[in-house]
Every structure is written in C-alpha cells, then in structure tokens.
Amino acid sequence: MQFATLTAGEVPGVPSLDELRGLKPLQQPEWPDGAVLDQVMAELRTLPPLVFAGECDDLTTKIGAVARGEAFILQGGDCAETFAGVTAENIRAKLRVLLQMSVVLQYAASVPVVKIGRIAGQYAKPRSSGEETRDGVTLPSYRGDAVNGFDFTPESRIPDPNRLRGVYNAAAATLNLTRAFTTGGYADLHQVHAWNTDFVKSSPVGRRYEQLASEIERALAFMRACGATADEFKTVDFYASHEALILEYEHALTRIDSRTEQPYDVSGHLLWVGERTRQLDGAHVEFLASLSNPLGVKIGPTTTPEYIRALIDKLNPKGIEGRLTFITRMGAGKIREALPPLLEAVRDHGSPIAWVSDPMHGNTYETPNGYKTRNFDDVMDEVQGFFDAHEQVGTWPGGVHMELTGDDVTECLGGGEELVAEDLVNRYETACDPRLNRHQSLELAFLVAERLRGAQA
C-alpha cells in the first residue's frame with residue numbers, strides 16, 4: 001500500500017489549509033512563529049503514515065456491523081496523552097484494562113467487540129477558556145502536549161509548533177508498541193489469567209473477573225481437546241482514535257491512497273470532532289467530510305433532530321455503513337429525555353449510524369478541595385440511561401467511550417473502592433480530565449455486559 005507524498009500541502013479532494021483557516025476554526029493555537037509552523041508541517045507531509053488506509057477501511061467495516069446491531073464498540077484511553085506517558089508500562093497497562101473489559105463484554109454478552117483506543121494522537125484538548133489564572137497570574141491555558149507545556153510558567157505555556165513533531169514521534173512509538181503487544185502474544189486469549197495476576201487478591205471486581213477467566217480457560221481447554229486451536233484467539237485487532245482538533249497536524253498527515261485515489265488522514269484510524277467544534281459550516285466538519293476514514297461526532301444535550309439529520313447529510317451523504325458514529329455526552333440527568341428524539345430522527349432518516357455512549361464528559365464537576373472529578377454513580381447512571389433510551393426507541397446501543405487508565409489512580413469518586421474527595425490527593429495524575437481507574441473500568445464493563453444481554457433479548 002502506498003500513499004502519494006504531497007510536499008506542497010495540497011491534497012486533491014481536501015480543502016486547503018488556507019480555505020479551512022478562512023472558516024475561522026475554533027480551539028486552535030495562536031502559533032507565535034508562522035515560519036517555524038510552515039517548516040514543521042512541510043516535514044510532517046513527507047513522513048510515513050502512522051496508519052494505513054486498509055486498516056481504516058477494516059474499521060469502517062467493523063463499525064458497519066455495530067450500526068446493524070451485530071457488534072459493540074469499546075473505546076477508551078487517556079483524556080489527554082502526554083509525551084512523558086509514552087512508556088512500555090503505561091501503554092501495556094492501558095491495553096491490559098481494555099483487553100479485560102473486552103473479554104467481559106464479549107464472553108458475558110456473546111457479542112463481537114470492536115476495540116478502539118483513545119491513543120497515539122490524543123495530545124490536544126479543547127478548553128472552555130483560553131486563559132488560566134492562578135494567584136493573580138494569568139497565562140494561556142494548557143492545550144495538551146501538542147501545543148504547550150503543563151507547567152504554569154510563561155515559557156511553558158507559549159504554543160510551540162515543534163511540539164507537533166513530538167506528537168508524530170510519540171504516536172509512532174505508541175502504535176509500534178501497541179502492534180507488538182496485540183500481535184506478539186500479550187493479547188492471546190490464553191493470557192486471560194495473566195492480565196489479572198496483580199489485581200485479583202485485593203479487589204472484589206478482580207475476583208469476579210477471575211471467575212469469568214476460569215470459565216473462559218475451561219472453554220479453551222475443551223476446544224483444544226476437540227482439536228480446535230483457532231488463530232483468532234492469539235491476536236486482536238486494535239485501532240487508534242483521537243479528536244482531530246489541531247488542523248495543521250491533521251492536514252499535514254492527510255494522504256491519497258494509491259488503491260482508491262481517496263484521501264485519508266493517516267494520523268489515526270477513527271477521527272472525531274468534539275462538541276465545541278462540530279458546527280455544520282465550521283472548518284473541522286468541512287475537513288472531516290473530505291476524508292475516507294471512519295468518523296465520530298460528539299453529541300451533547302442541546303443537539304436537535306434537525307441538526308443531526310443535516311450532520312448526517314454532510315458527513316455521510318452516501319449512507320456508507322460504518323462511516324459515521326455519534327458519541328453521546330448528555331449527562332446522567334439529561335440523557336433519558338434528550339437522546340430518544342435524536343435516535344428517532346436518525347432511525348427515520350434511514351442512515352446506518354453507530355451510537356456510542358460517552359458517560360464521562362457530561363458528569364464533570366469540581367470538589368470543594370479544588371479537584372475536577374466525576375462520580376462513578378453518575379457515569380453508571382448515564383450508561384444505564386443510554387441503554388434505556390435505545391430500549392425505548394428500539395435501536396441498538398452500539399458502544400461505550402471512556403476516559404480511563406490502567407493505573408490505580410484516584411481521580412473519579414465512588415466505585416467499589418468507595419473513593420471520596422479526600423482520596424483525590426493520593427494519585428491524581430491526569431493532565432486534563434479525571435479518568436476511571438482499573439477497578440472502576442472493570443466494574444463498568446460488567447454493568448454494560450448485563451445490559452447488553454438484555455438488549456439482545
């Protein structure tokens with residue numbers, strides 16, 4: 001598979017960067033040195049793709065099965081990746097918890113699970129304010145390692161285009177190691193016990209997982225006794241996704257596939273546009289509409305049926321299965337009222353859309369001791385509301401989209417560990433929004449598996 005190299009910055013069928021800038025894109029850095037930015041982009045345009053068009057097409061096919069109600073998406077990872085977090089242990093830990101969750105879903109609910117990481121590209125974040133004030137000092141907000149530094153100093157907070165090089169290098173290293181783990185034996189289903197060895201003794205949910213793992217091991221032993229040793233058990237298909245926020249980076253990594261002569265953004269398999277940048281006439285939607293990748297759109301509680309139908313016509317006019325996924329982020333108190341009219345609008349429109357629940361972003365608040373957090377009960381309630389809405393309308397609840405980590409952080413309250421606000425000081429490590437820890441993630445997987453069984457009835 002080959003891609004055309006486009007050093008001049010023009011990609012056939014894709015709006016030019018000047019055209020996109022003319023649409024006044026939101027949430028973009030104010031780069032202080034245009035010459036350095038141009039130099040970095042010229043270099044990025046010559047670099048090899050991070051993912052391949054054929055892999056993107058495979059994911060589109062799998063999401064098509066989700067849209068038909070025949071599969072389920074598990075999408076998860078960091079709120080904001082950091083360059084310092086690109087280590088073998090961090091990547092392995094994230095992959096491990098996603099593998100555990102997918103095993104729970106796939107075995108307990110008997111449904112294929114499409115595994116997608118918020119990984120290898122989630123280095124930029126939209127912010128509600130362009131500035132941050134601490135102790136009377138005001139500086140530019142931290143917008144992710146793709147843009148500036150986390151340290152609250154004037155030097156750190158200056159947007160630096162050279163960081164886009166760092167994004168590419170970090171993503172390449174992450175994808176390289178992820179592919180090694182998923183094809184080199186770590187993801188082998190026969191390792192189902194090994195994924196849990198450091199977890200089961202101290203955790204009720206770990207013990208519940210261990211019981212399920214024992215059932216899987218017995219099933220595998222039975223299959224071996226029958227002479228069945230399927231290669232499908234030894235590897236997994238794992239895909240990378242991120243919010244396509246920084247248009248200079250995404251545009252520089254857009255290539256023309258030599259097989260089809262169609263444009264793909266080769267920075268990731270699935271790209272999504274966020275709640276703050278999904279304007280129908282905006283630069284981000286215009287850019288994504290020109291790509292052949294599978295796409296996602298975050299959908300909040302103010303979304304109208306009219307808007308969502310227009311968005312489908314813009315992003316998936318040909319009605320391609322698996323092309324478009326709506327990721328709902330309503331809030332636990334709003335989803336049961338806000339989601340059904342949208343489900344009905346899409347159902348009546350007739351377009352094959354996959355629906356995924358993001359129960360994290362609508363449930364964020366600040367504790368009295370100054371930590372941004374989420375309550376696990378609210379997260380669980382929004383997932384329940386997502387399934388309730390689909391049950392009401394008669395549509396398929398196609399997946400969950402989580403901010404999570406494989407580490408034992410203390411960032412979200414509640415769960416089986418009964419974390420309280422005072423616990424947040426112990427291991428609050430996120431660079432932006434609070435994530436579910438490994439225990440909470442696995443708890444959620446068991447809940448989703450129970451609801452999936454009901455959805456199939």
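The heavy-atom pair separating P29 from P159 by the smallest distance is CB-CB, 4.3 Å. Nearest heavy-atom pair, A71 versus V111, reported as atom, atom and distance to 0.1 Å: CA-CG2, 3.7 Å. Heavy atoms only, all atoms of each residue included: M360 and T364 are closest at O-OG1, 3.5 Å.
Residues passing the side-chain contact (heavy atoms from CB on, under 4.5 Å) test with D313, sequence neighbours excluded: H349. Under the rule for a side-chain contact (heavy atoms from CB on, under 4.5 Å), the partners of T373 that lie at least two apart in sequence or sit in another chain are Y365, T367, L413, L424. Looking at residues two or more places apart in sequence or on another chain, you find no salt bridge (Lys or Arg N to Asp or Glu O under 4.0 Å) involving E417. The side-chain contact (heavy atoms from CB on, under 4.5 Å) search around N363 returns A332, D378, E382, not counting sequence neighbours. Applying the side-chain contact (heavy atoms from CB on, under 4.5 Å) criterion to S141, with sequence neighbours excluded, gives R127, E132.
Electrostatic pairing of R163 and D160 does not count as a salt bridge here, judged by no charged N lying under 4.0 Å from a carboxylate O. Salt bridge present: E403 and R374 bring a charged side-chain N and a carboxylate O closer than 4.0 Å. The residues R438 and E443 are annotated as not salt-bridged, no charged nitrogen and carboxylate oxygen being separated by less than 4.0 angstrom. Taking a cutoff of 4.0 Å between a charged side-chain nitrogen and a carboxylate oxygen, K62 and D237 qualify as a salt bridge.
Using modelled atom types and a 3.5 Å distance limit, the side chains of T138 and T133 yield a donor-acceptor pair. In summary, the side chains of R435 and Q440 do not present any donor paired with an acceptor at a separation below 3.5 Å, with no hydrogens or angles considered. Side-chain polar atoms of D57 and T60 form no donor-acceptor pair below 3.5 angstrom. Looking at S267 and E250, their side chains do bring a donor and an acceptor atom within 3.5 Å of each other. At a cut-off of 3.5 Å, with distance as the only test, no side-chain donor of T410 or R427 sits close to an acceptor on the other residue.
With V297 as the fixed residue, the side-chain contact (heavy atoms from CB on, under 4.5 Å) test singles out one of T325, I312, L311: L311. The side-chain contact (heavy atoms from CB on, under 4.5 Å) with D265 is formed by just one residue from the set N293, V51, V11; it is N293.
Residue pairs meeting the ring pair (Phe, Tyr, Trp, His ring centres under 6.0 Å) criterion with at least one partner in residues 143-175, sequence neighbours excluded, are Y142-F150.
Contact of the H361 side chain with the E275 side chain is not registered, since no non-hydrogen atoms from C-beta on lie closer than 4.5 Å. K372 has its side chain out of reach of E366: every pair of non-hydrogen atoms, C-beta onward, lies at least 4.5 Å apart. For the pair T303 and L342, the minimum side-chain heavy-atom distance is below 4.5 Å. Residues D78 and R118 fail the side-chain proximity criterion, which asks for heavy atoms closer than 4.5 Å. A 4.5 Å side-chain heavy-atom check between W31 and V36 finds every atom pair outside the cut-off. Inter-residue side-chain proximity for F386 and V400 is flagged as unmet; no heavy-atom pair is nearer than 4.5 Å. Between L339 and K334 there is no side-chain heavy-atom pair separated by less than 4.5 Å. Put simply, the side chain of Y307 reaches to within 4.5 Å of the side chain of R278, judged on heavy atoms.
Between the side chain of Q28 and the backbone N or O of L26, at least one donor-acceptor pair lies under 3.5 Å. At least one donor-acceptor pair under 3.5 Å links the side chain of T260 to the backbone N or O of Q262.
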Could you check H401 against W272 for ring pair (Phe, Tyr, Trp, His ring centres under 6.0 Å), going step by step and ending with a plain yes or no?
-> CA-CA 12 Å; H401 178 123; W272 78 81; 5.0 Å; yes
Report the C-alpha separation of E243 and H284 in whole Å, then their side-chain angles, then the decisive distance to 0.1 Å, and conclude whether the side-chain hydrogen bond (donor to acceptor under 3.5 Å, both in side chains) test is met.
-> CA-CA 10 Å; E243 181 178 355; H284 290 84; over 6 Å; no
Residues R96, E89; criterion salt bridge (charged side-chain N to carboxylate O under 4.0 Å, His left out); working and verdict = CA-CA 10 Å; R96 176 184 60 191; E89 177 53 34; 5.0 Å; no
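Within 6.0 Å of atom CD in E261, more than 12 heavy atoms from other residues, nucleotides or ligands are found, so the atom counts as buried in its surroundings. More than 12 heavy atoms of other shown residues, nucleotides or ligands fall within 6.0 angstrom of atom NZ in K314.
The aromatic rings of F83 and Y123 sit tilted, their planes meeting at an angle between 30° and 60°.
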